Asker: 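Handing you a structure now.
Indexing begins at 1, ligand by ligand and atom by atom, following the structure's order. We number each residue from 1, following the sequence as shown. All figures in this text were calculated on a predicted structure; none of them were measured in a lab.
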Amino acid sequence: MDRIRIRGGRPLSGEIAIGGAKNAALPLMAAGLLTEEKLILANVPRLDDIRTMAMLLAQHGLDITPVDPEGRRLAIGGQIRNPVAPYDIMRKMRASILVLGPLLARAGEARVSLPGGCAIGTRPVDLHLKGLEQLGAEIRLQGGYIEALAPGRLRGASIVFPFVSVGATENLLMAAVLADGQTELVNAAREPEIEDLARCLNAMGARIDGIGTDRLVIEGVARLSGAEHTIIPDRIETGTYACAAAITGGDILLRHARLEHLSAVSRTLAESGVDLSETEAGMRVARRNALSGTDVMTEPYPGFPTDMQAQFMALMAMAEGAAMITETIFENRFMHVPELNRMGARINVHGASAIVRGVPQLSGAPVMASDLRASVSLVLAGLGACGETTVNRVYHLDRGYEAVEQKLAACGADIERLSG
Ligand code: UD1
């Protein structure tokens with residue numbers, strides 16, 4: 001199993017190119033199920049999660065063809081020949097559930113394995129299923145599979161989410177675009193990735209109003225056509241490298257980054273002593289002064305993203321003063337805490353909050369990655385620490401960060417991947 005070795009303490013300087021957003025690319029790929037024509041996606045990141053989604057779509061019968069030498073433009077299209085999403089793929093990536101809505105809408109049936117247990121919380125899919133039932137689907141759970149049927153077409157309905165869910169909003173949006181009549185999604189998630197999906201669906205001929213708000217109104221259409229769409233830059237990758245610059249006291253340009261998608265993160269970083277500015281090429285991040293402890297609470301967009309919580313905690317571990325970090329989205333997303341403490345951090349967890357008492361210096365240690373964002377928080381801590389850190393189980397990292405060690409090494413980090 002690969003490991004990453006870091007010798008910390010070097011300020012980063014230079015440029016990092018931000019790739020397309022993983023969490024936008026995954027639903028957009030699933031949207032390829034909604035048409036037999038070609039959907040061309042540009043700025044696709046090269047990540048394990050993207051390969052998993054491509055495998056899933058391929059076994060449903062779609063062709064996924066790279067249309068450039070680098071494989072960043074994908075053409076997706078074809079007939080649905082198999083409406084089954086097997087456990088073997090579903091267990092690797094929870095976002096595979098995003099094929100459920102499109103399969104039902106286009107093929108009228110789907111048999112999708114329940115996603116496997118996930119380390120950061122129980123993460124049920126009840127909102128997805130209830131919403132699809134409201135659109136007229138018949139759903140039963142059988143042998144670990146969701147068996148869903150939509151005799152005739154799905155029918156538009158008014159769906160009020162009891163709380164905000166990114167995945168449920170995306171699944172229902174993709175189901176509703178081909179339903180008969182009007183659907184209203186109330187208390188919908190407003191993440192930029194949802195806006196990206198809705199824009200692409202409209203380019204395919206869907207009729208979605210209220211894009212960017214928490215009330216989406218969808219006028220169903222009989223069929224969708226192909227389209228060409230460029231995926232937005234990854235705001236979480238951007239925020240992660242901004243924390244890397246900050247933790248090392250460096251100065252880097254994040255090419256293609258869009259500050260407008262990072263408002264809560266950039267506000268919080270600025271409050272803790274990091275300089276951020278928008279440039280024509282992207283975003284510049286630098287830190288010249290000491291970091292100061294800053295409280296933060298994760299919330300649905302436009303609040304502070306849960307996907308940035310672990311990285312911000314690594315930063316706060318080296319701040320002056322204390323920071324209270326409260327996680328409101330997932331109930332078990334502090335698995336990086338004991339690993340950061342192994343590196344000399346002083347963090348206590350009380351229920352949904354972690355109290356981080358900053359220390360002047362972290363020290364390198366062997367640590368274990370437990371999930372995607374926890375892994376990268378350990379890389380950040382390693383960059384800021386003195387001495388050597390080895391991050392084990394980096395396969396989590398490869399699911400969501402492209403060429404992380406090359407990007408950081410190009411900015412002066414002493415980091416390498418050890419195979420085997
Ligand atoms: C997406 C992101 C993930 C991010 C999360 C929150 C993708 C591929 N993944 O995940 O990176 O951390 O949003 O911003 O975009 N819930 C239920 N029932 C449901 C659905 C969700 O109880 O049917 C709960 C979840 O357990 C969680 C909360 O709702 O506690 C929010 O989850 P949700 O927004 O659905 O996250 P994902 O779409 O899975």
Side-chain angles (χ1 to χ4, degrees), residues 20-31 45 47-50 52-53 56 90 92-101 112 114-134 139 141 146 148 159-175 185 187-198 214 231-232 234-237 239-240 261-262 264-265 297-312 326-336 352 371-377 396-397 399-401:
K22 166 180 89 75
N23 286 354
L26 294 170
L28 283 163
M29 290 173 77
L47 299 168
D48 282 356
D49 274 8
I50 299 298
T52 303
M53 183 56 93
L56 182 58
M90 294 295 299
K92 283 196 196 152
M93 183 179 72
R94 184 185 149 82
S96 323
I97 192 72
L98 295 173
V99 298
L100 178 60
V112 174
L114 281 161
C118 183
I120 62 175
T122 50
R123 300 182 88 178
V125 290
D126 53 326
L127 297 190
H128 302 237
L129 304 187
K130 269 188 207 135
L132 289 170
E133 277 176 341
Q134 281 178 272
I139 294 182
L141 300 180
I146 302 161
I159 296 167
V160 182
F161 294 111
F163 52 89
V164 175
S165 160
V166 174
T169 303
E170 291 166 344
N171 233 337
L172 287 158
L173 184 60
M174 289 189 279
L185 301 179
N187 199 20
R190 283 183 284 167
E191 269 64 5
E193 293 76 20
I194 291 178
E195 186 169 336
D196 207 30
L197 172 65
D214 62 359
I231 297 167
I232 54 170
D234 195 313
R235 66 194 166 100
I236 305 298
E237 188 189 23
T240 301
H261 290 162
L262 275 160
V265 172
M297 181 184 284
T298 63
E299 285 172 328
Y301 191 83
F304 190 92
T306 173
D307 285 352
M308 278 299 302
Q309 181 255 104
Q311 300 89 310
F312 188 69
T326 305
E327 173 61 57
T328 72
I329 310 289
F330 293 110
E331 69 269 28
N332 187 23
R333 208 173 197 182
F334 284 139
M335 278 165 313
H336 39 287
D371 66 69
L372 171 56
R373 308 302 171 186
S375 326
V376 87
S377 78
H396 291 292
L397 209 57
R399 291 186 43 202
Y401 288 91

Asker: So is Lys22 polar-close to ligand 1, meaning N/O to N/O under 3.5 Å?
Answerer: no
Asker: Relative to ligand 1, is His128 under 4.0 angstrom through side chain, backbone, both or neither, heavy atoms considered?
Answerer: both
Asker: Any chance the side chains of Glu327 and Thr306 put a donor and an acceptor closer than 3.5 Å?
Answerer: yes
Asker: Run the side chain to side chain contact (heavy atoms under 4.5 Å, CB included) test on Met93 and Met53 for me, step by step, so that the C-alpha distance in whole Å, both residues' side-chain angles and the decisive distance to 0.1 Å come before the verdict.
Answerer: CA-CA 8 Å; Met93 183 179 72; Met53 183 56 93; 4.1 Å; yes
Asker: Given Val166, Asn23, Leu372, which one has a non-hydrogen atom that is nearest to atom 2 (C) of ligand 1?
Answerer: Asn23
Asker: Let me see the working for Ile97 and Ile146 under side chain to side chain contact (heavy atoms under 4.5 Å, CB included), right down to the final yes or no.
Answerer: CA-CA 10 Å; Ile97 192 72; Ile146 302 161; 3.7 Å; yes
Asker: Under the rule for side chain to side chain contact (heavy atoms under 4.5 Å, CB included), what residues qualify as partners of Leu372, not counting sequence neighbours?
Answerer: Lys22, Tyr401
Asker: Would you check, one step at a time, whether the test side chain to side chain contact (heavy atoms under 4.5 Å, CB included) holds for Met174 with Leu197?
Answerer: CA-CA 9 Å; Met174 289 189 279; Leu197 172 65; 4.1 Å; yes
Asker: For Gly167, take its heavy atoms, then give the atoms of ligand 1 lying under 4.0 Å from any of them.
Answerer: 35 (O), 38 (O)
Asker: Evaluate the criterion side chain to side chain contact (heavy atoms under 4.5 Å, CB included) for residue pair His128 and Leu172; output intermediate values, then yes/no.
Answerer: CA-CA 7 Å; His128 302 237; Leu172 287 158; 5.9 Å; no
Asker: Answer with yes or no whether Pro124 contacts ligand 1, where contact means a heavy atom under 4.0 Å from a ligand atom.
Answerer: yes
Asker: Out of curiosity, is Arg333 lining ligand 1, as in a heavy atom under 4.0 Å away?
Answerer: yes
Asker: Under 4.0 Å, heavy atoms only, figure out whether ligand 1 is touched by the backbone of Ala168, its side chain, both or neither.
Answerer: neither
Asker: Indicate yes or no: does Arg399 engage Asp49 in a salt bridge with an N to O separation below 4.0 Å.
Answerer: yes
Asker: Out of curiosity, is Phe163 lining ligand 1, as in a heavy atom under 4.0 Å away?
Answerer: yes
Asker: Please indicate whether any nitrogen or oxygen in Arg373 is less than 3.5 Å from any nitrogen or oxygen in ligand 1.
Answerer: no
Asker: Does only the side chain of Leu127 get under 4.0 Å from ligand 1, or the backbone, or both, or neither? Count heavy atoms.
Answerer: both
Asker: Below 4.0 Å, non-hydrogen atoms only: which portion of Leu98 touches ligand 1? Side chain, backbone, both or neither.
Answerer: neither
Asker: Can you sort out the partners of Ala264 under side chain to side chain contact (heavy atoms under 4.5 Å, CB included), two or more places apart, ordered by chain and number?
Answerer: Arg267, Phe304
Asker: Can you confirm, on distance only, whether ligand 1 has an N/O atom lying under 3.5 Å from any N/O atom belonging to Glu191?
Answerer: no
Asker: Can you sort out which atoms of ligand 1 are near Ala95, meaning under 4.0 Å from one of its heavy atoms?
Answerer: 8 (C)
Asker: Quick one: does ligand 1 sit under 4.0 Å from the side chain of Thr306, the backbone, both or neither, non-hydrogen atoms only?
Answerer: side chain
Asker: Can an N or O of Glu170 be found at a distance shorter than 3.5 Å from an N or O of ligand 1?
Answerer: no
Asker: Apply salt bridge (Lys or Arg N to Asp or Glu O under 4.0 Å) to the pair Arg333 and Asp307, showing each step before the final yes or no.
Answerer: CA-CA 10 Å; Arg333 208 173 197 182; Asp307 285 352; 2.9 Å; yes
Asker: At their closest point, which heavy atom of Ser377 faces which heavy atom of Gln311, and how far apart are they?
Answerer: CB-N, 3.8 Å
